[in-house]
Amino acid sequence: MMDQAQFHIRDLHVRFRTQADELHAVKGVSLSVARGETLAIVGESGSGKSQTMLAALGLLASNGVVTGSAMLNGQELIGASEVALDRVRGAKVTMIFQEPMTSLDPLYTIGQQIIAVIRRHRTVSAADAKAEALALLERVRIPDAARRLASYPHEMSGGQRQRVVIAMALANRPDLLVADEPTTALDVTIQSEILALLADLQREMGMAIAFITHDLGIVRRIAKRVAVMRHGEIVESGPVEQVFNAPRHPYTRALLDAEPGGTKEPTPADSPVLLEAQDVRVHYPVKSGFFGRTTQVIKAVDGVSLTLKRGGTIGIVGESGSGKSTLGKAIVKLAPATGMIRLEDRALIPLSRAEMRPLRRSLQMVFQDPYGSLSPRMTVGEIITEGLLVHEPGLTSAARDRRAAEALEEVHLDAALRNRFPHEFSGGQRQRIAIARAMILKPRLVILDEPTSALDRSIQKAIVDLLRDLQRRHGLAYIFISHDLAVVRAMADTILVMKDGQVVEQGESENLIRHPREDYTRRLLAAAMETGFSPC
Amino acid sequence: MSEAATHGRSLWADARDRLARNRAAMASLVLISLIALACLFGPFLTGHAYDKVYSDYVKVPASLASQPTEDRIGPALQRTASRLRATIASDTREGNTIRLVLTAPRAIDERSLAFFERSDLFHAAKVLERAEEGKRLTLLVPIERNRFLFGTDGNGRDMLTRTLIAGRVSLAIGLLATFVAILIGVTYGAVSGYLGGRVDTVMMRAVDVLYSLPFIFFVIMLVVFFGRNFVLMFLAVGAVEWLDMARIVRGQTLSLKRREFVQAADVLGVSTPGILRRHIIPNTLGPVVVYTTLLVPKVILLESFLSFLGLGVQEPMTSWGVLISDGARNIQGATYLLIFPAIFLTTTLFCLNFIGDGLRDALDPRDR
């Protein structure tokens, strides 16, 4: 062995040929990972962090061109034949992807999939391979592993599926494990379990890990060394402590400062009640059999009450499946609810679609996915002013255009962009457009359903600042739904913690975060703290 | 607030650019435009009416030469002379006219000179000289020149004109029936998919019932009730072909209506027709456009099939299907009757299929 490091990348360039020009996605990246070491590669979306590793493993899209060198144990991977690469990938180098659902084949049991990986690279009898698969599942701590071998991916939860993917990645004792945002799609508590598992497995098996993430909290927890990437280049690298405590590059400093900070100024005690909900339930019957008999009821929201004052913000936190999004949808009548929801003096639940329409003006919603919530074939101007077509049908198109320009300026976007299409904007810009669409109607209550979850940290901060600014100027009330305690804390007066459709704890934000009463809240906080959240 | 707003590139513009780079699709587009133009304006330029019968030119083979050919002139002169009860004393050619001297035992009735004009080979004859009390006539007979590039059919009609006229009918039925199918199918499918629940079930079961009707039986029934007519043809085809379209659009709608931009429109208070018009239908149009280019040839083939069976358009109007069916009957004696309409039909079908392929690639670049 030439030196201690077993995986080097030297001066790697990746170029993509597109229709018009060439995109230089990775510009001369060099890095190395030693045996038993974890290197974190951090950067925001589009920084080229994933493309670097994909290029090194020969997994680029067909229009990508790689130059440079990537050596694994002295073997050059760039320019190696497909056959040679196939011998390396899955055995010496393995990869874990972000989305555990799509990286497993839905048509095979997980046992079959793990066994296939083992037997692809080694000559092992079917029985031995099965025994090994069982041992692997136990090793990644999947309960009742023997039975789980025969399960299909859809029968398992997201966290369990990611464990299976890890088991597959470790099946042939790789020298290098590339983990591409393996915990981003998971809830915080599960995220922290998976990180702990990876650290334990590394200690036992001694492989090198290249951990790609956008989350600085995770870096601190799992890695010894970190490389910060931006625009296809490494701007700073070194030991985690050094980079975090004494960042040299301004971009690293900006990233570290990007945690949404500050808190909302308290709502005056005498401000009138805007929204009141009592005992809201959303139950979905599960029908089966020929006559559609209801055999089971899924209680997505089960008896939630809340009171929101004008200008106030309620944060709703909980893991996926806790019913927090469904509650938001029930309030804007996107989900069928029972109970009582009152906006000022109007009860919303009994209203018909037509009766509800005039009230929609004061009750708006911003969705999680800025890519999915904008109609792809309409211009931004048309998207923003669609609500005006409904609520101010008398406006001329020139007046609508002027309002669109004003709304875009209010969310700090260039008004000249209003004739462009959503796909020409970045995620953060799209979320601003979605906010402008809600704000143009001058609502009194906006439901924000994870508006920052799909965005990079630095953009999250800007969106949180924008939302607080809009609230102050227009006296808006927010219901802020999120799984991210740091963001909720920066936004909300009071926090509701939801689990299995019910509120387990609620209270004033700072108080709840510093002195949680319920076990579940403590677990959420603990998991968030492990990835960098500090309650003080 | 009146600064110049920059215009973005829509997804449609992107797709257009991708299509423009697809050579096969662009060549097909040019070719099919040429065929369409030829069918539209060609019949005015061929010099023949599509239903004009040239009884002297029955089943003339396709050729570039102008008619009549030299070997036809002599016998035709003889035939006409004998109708005048005269014999030919001499004939001399002067370019495209014949100086003809006729003699007869009795005076020749000049009115019967109309026989020359009635023939498809000559124009009206002019009398230059009368002698022997009308028993000897000197005539100037101009030869009527015609070209039948694609030959003539069994009734002596020009095949070129008929092929182009048939193209009009086939393309019109293809486009109109497809238009009907899209109009009904897209609306029906989008409404059914978006409303969902019981409405969806009822609407889709109705589609299933229509699917189970045998098509030919359906057309025969229509023809029996309403008689054969052009409008009926594309109504019948359109009424059956929208079923596929409705299913495609419904499937698209089911996945679209769960998307957040549709929910966002719902929260804005947009009415159901508004959501369908602005959010659902524009986003289903990609697959619809592709299916359309595949549906047009399918409908043309269906029409050809019906015409082949004798259920389609009526003589003297014609379509490619009718011409091919005629040609197939004459395949041994007169192959050209089959070849030319078949070339037009297959070229059109090929082009439409290539365009469909190109559109699919252009609208859904992920697949490449």
Side-chain angles (χ1 to χ4, degrees), chain A residues 19-20 62-63 329 332-334 353-354 356-361 363-383 386-391 398 401-406 409 414-425 434 437-438 440-441 447 449, chain B residues 1-22 194-198 201 252 255-286 288-289 362-368:
Chain A
Q19 295 168 18
S62 58
N63 61 340
K329 285 181 179 165
V332 292
K333 281 181 73 95
L334 279 181
R353 240 181 110 83
M356 184 69 195
R357 193 159 295 143
L359 290 179
R360 293 226 177 258
R361 189 161 193 172
L363 190 60
Q364 278 302 304
M365 182 155 179
V366 174
F367 293 85
Q368 169 173 4
D369 181 6
Y371 295 87
S373 65
L374 305 178
S375 206
R377 300 206 186 266
M378 289 164 78
T379 65
V380 167
E382 286 167 351
I383 290 171
E386 188 172 19
L388 293 178
L389 286 179
V390 179
H391 297 286
D401 194 47
R402 202 167 55 242
R403 292 278 291 273
E406 284 165 13
E409 279 174 0
D414 185 356
L417 299 176
R418 62 187 178 278
N419 288 329
R420 291 188 179 250
F421 290 85
H423 63 100
E424 299 172 285
F425 291 87
R437 167 173 62 188
I440 201 168
L441 293 175
I447 296 180
D449 187 1
Chain B
M1 209 60 69
S2 60
E3 66 223 85
T6 50
H7 280 263
R9 294 186 56 71
S10 71
L11 294 178
W12 292 116
D14 280 349
R16 208 167 50 229
D17 285 358
R18 277 193 292 272
L19 185 66
R21 275 196 306 280
N22 184 333
Y194 185 70
L195 294 181
R198 213 157 276 158
T201 313
Q252 292 279 318
S255 68
L256 279 172
K257 76 170 177 181
R258 306 246 171 272
R259 298 275 295 275
E260 284 189 339
F261 64 82
V262 175
Q263 295 187 0
D266 217 349
V267 174
L268 288 173
V270 181
S271 61
T272 305
I275 290 179
L276 283 174
R277 202 173 59 241
R278 280 198 294 275
H279 297 282
I280 302 278
I281 290 179
N283 286 297
T284 61
L285 285 187
V288 168
V289 167
L363 291 169
D364 198 358
R366 278 169 303 175
D367 286 355
R368 284 189 296 172

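Numbers restart at 1 for each chain; the letters A, B, ... are given by sequence-line order, proteins then strands. Heavy atoms only: backbone and side chains are in, while hydrogens, waters and symmetry mates are out.
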J.: At a heavy-atom distance under 4.5 Å, which candidate from A:Gly387, A:Pro358, A:Ala354, A:Gly372 has the highest pair count against chain B?
T.: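 Of the candidates given, the most pairs with chain B belong to A:Gly372.
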J.: How long is the straight-line distance from CD1 of A:Ile383 back to CZ of B:Arg278, given to the nearest 0.5 Å?
T.: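 Between atom CZ of B:Arg278 and atom CD1 of A:Ile383 there are 11.5 Å.
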J.: Looking at residues at least two apart in the chain, or sitting in another chain, which of them share a side-chain contact (heavy atoms from CB on, under 4.5 Å) with A:Arg353?
T.: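 Partners of A:Arg353 by the side-chain contact (heavy atoms from CB on, under 4.5 Å) criterion, ordered by chain and then number, come out as A:Arg357, B:Asp266, B:Thr272, B:Ile275.
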J.: Is it the backbone or the side chain of A:Lys329 that comes under 4.5 Å from a heavy atom of chain B, or both, or neither?
T.: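 Just its side chain gets close to chain B.
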J.: Given a strict heavy-atom distance threshold of 4.5 Å, which part of A:Leu374 is in contact with chain B: side chain, backbone, both, or neither?
T.: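 The answer is the backbone of A:Leu374.
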J.: Quick one: which of A:Val390, A:Val380, A:Leu441 has the most heavy-atom pairs under 4.5 Å with chain B, could you say?
T.: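 Most pairs with chain B among the choices: A:Val390.
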J.: Taking every heavy-atom pair that is under 4.5 Å apart, which of A:Leu359, A:Val332, A:Asp369, A:Leu363 has the most such pairs with chain B?
T.: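 The residue among A:Leu359, A:Val332, A:Asp369, A:Leu363 with the greatest pair count is A:Asp369.
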J.: For a quick test of reading the model, state the closest non-hydrogen atom pair linking B:Ala264 to A:Ser373 and the distance between them.
T.: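 Minimum heavy-atom contact is CB-O, 4.3 Å.
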J.: If you count heavy-atom pairs under 4.5 Å between each of A:Ala434, A:Pro376, A:Ala438, A:Gly381 and chain B, which one has the most?
T.: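 Winner by heavy-atom pair count: A:Pro376.
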J.: Looking at B:Val262, B:Val270, B:Leu256, which has the largest count of heavy-atom pairs under 4.5 Å with chain A?
T.: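 Among B:Val262, B:Val270, B:Leu256, the one with the most close pairs to chain A is B:Val270.
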J.: With only heavy atoms counted, which part of A:Ile447 is less than 4.5 Å from chain B, the side chain, the backbone, both or neither?
T.: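 A:Ile447 has no heavy atom closer than 4.5 Å to chain B.
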J.: If you measure from CG on A:Asp449 to CD on B:Gln263, what distance do you get to the nearest 0.5 Å?
T.: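 Between A:Asp449 CG and B:Gln263 CD, I get 9.0 Å after rounding to 0.5 Å.
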J.: Relative to chain B, which segment of A:Met365 carries a heavy atom at a distance below 4.5 Å: side chain, backbone, both, or neither?
T.: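 Answer is both: backbone and side chain atoms of A:Met365 are under 4.5 Å from chain B.
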J.: Within the structure provided, determine whether A:Arg360 and B:Leu268 are in side-chain contact (heavy-atom separation under 4.5 Å).
T.: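 SC-SC contact between A:Arg360 and B:Leu268 ruled out.
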J.: Taking side chain as everything from C-beta outward and backbone as N, CA, C, O, which of these in A:Glu382 sits under 4.5 Å from a heavy atom of chain B? Side chain, backbone, both or neither.
T.: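 Answer is neither: A:Glu382 stays 4.5 Å or more from chain B.
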J.: Considering only heavy atoms, which portion of A:Ser375 lies under 4.5 Å from any heavy atom of chain B: side chain, backbone, both, or neither?
T.: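 Both backbone and side chain of A:Ser375 come within 4.5 Å of chain B.
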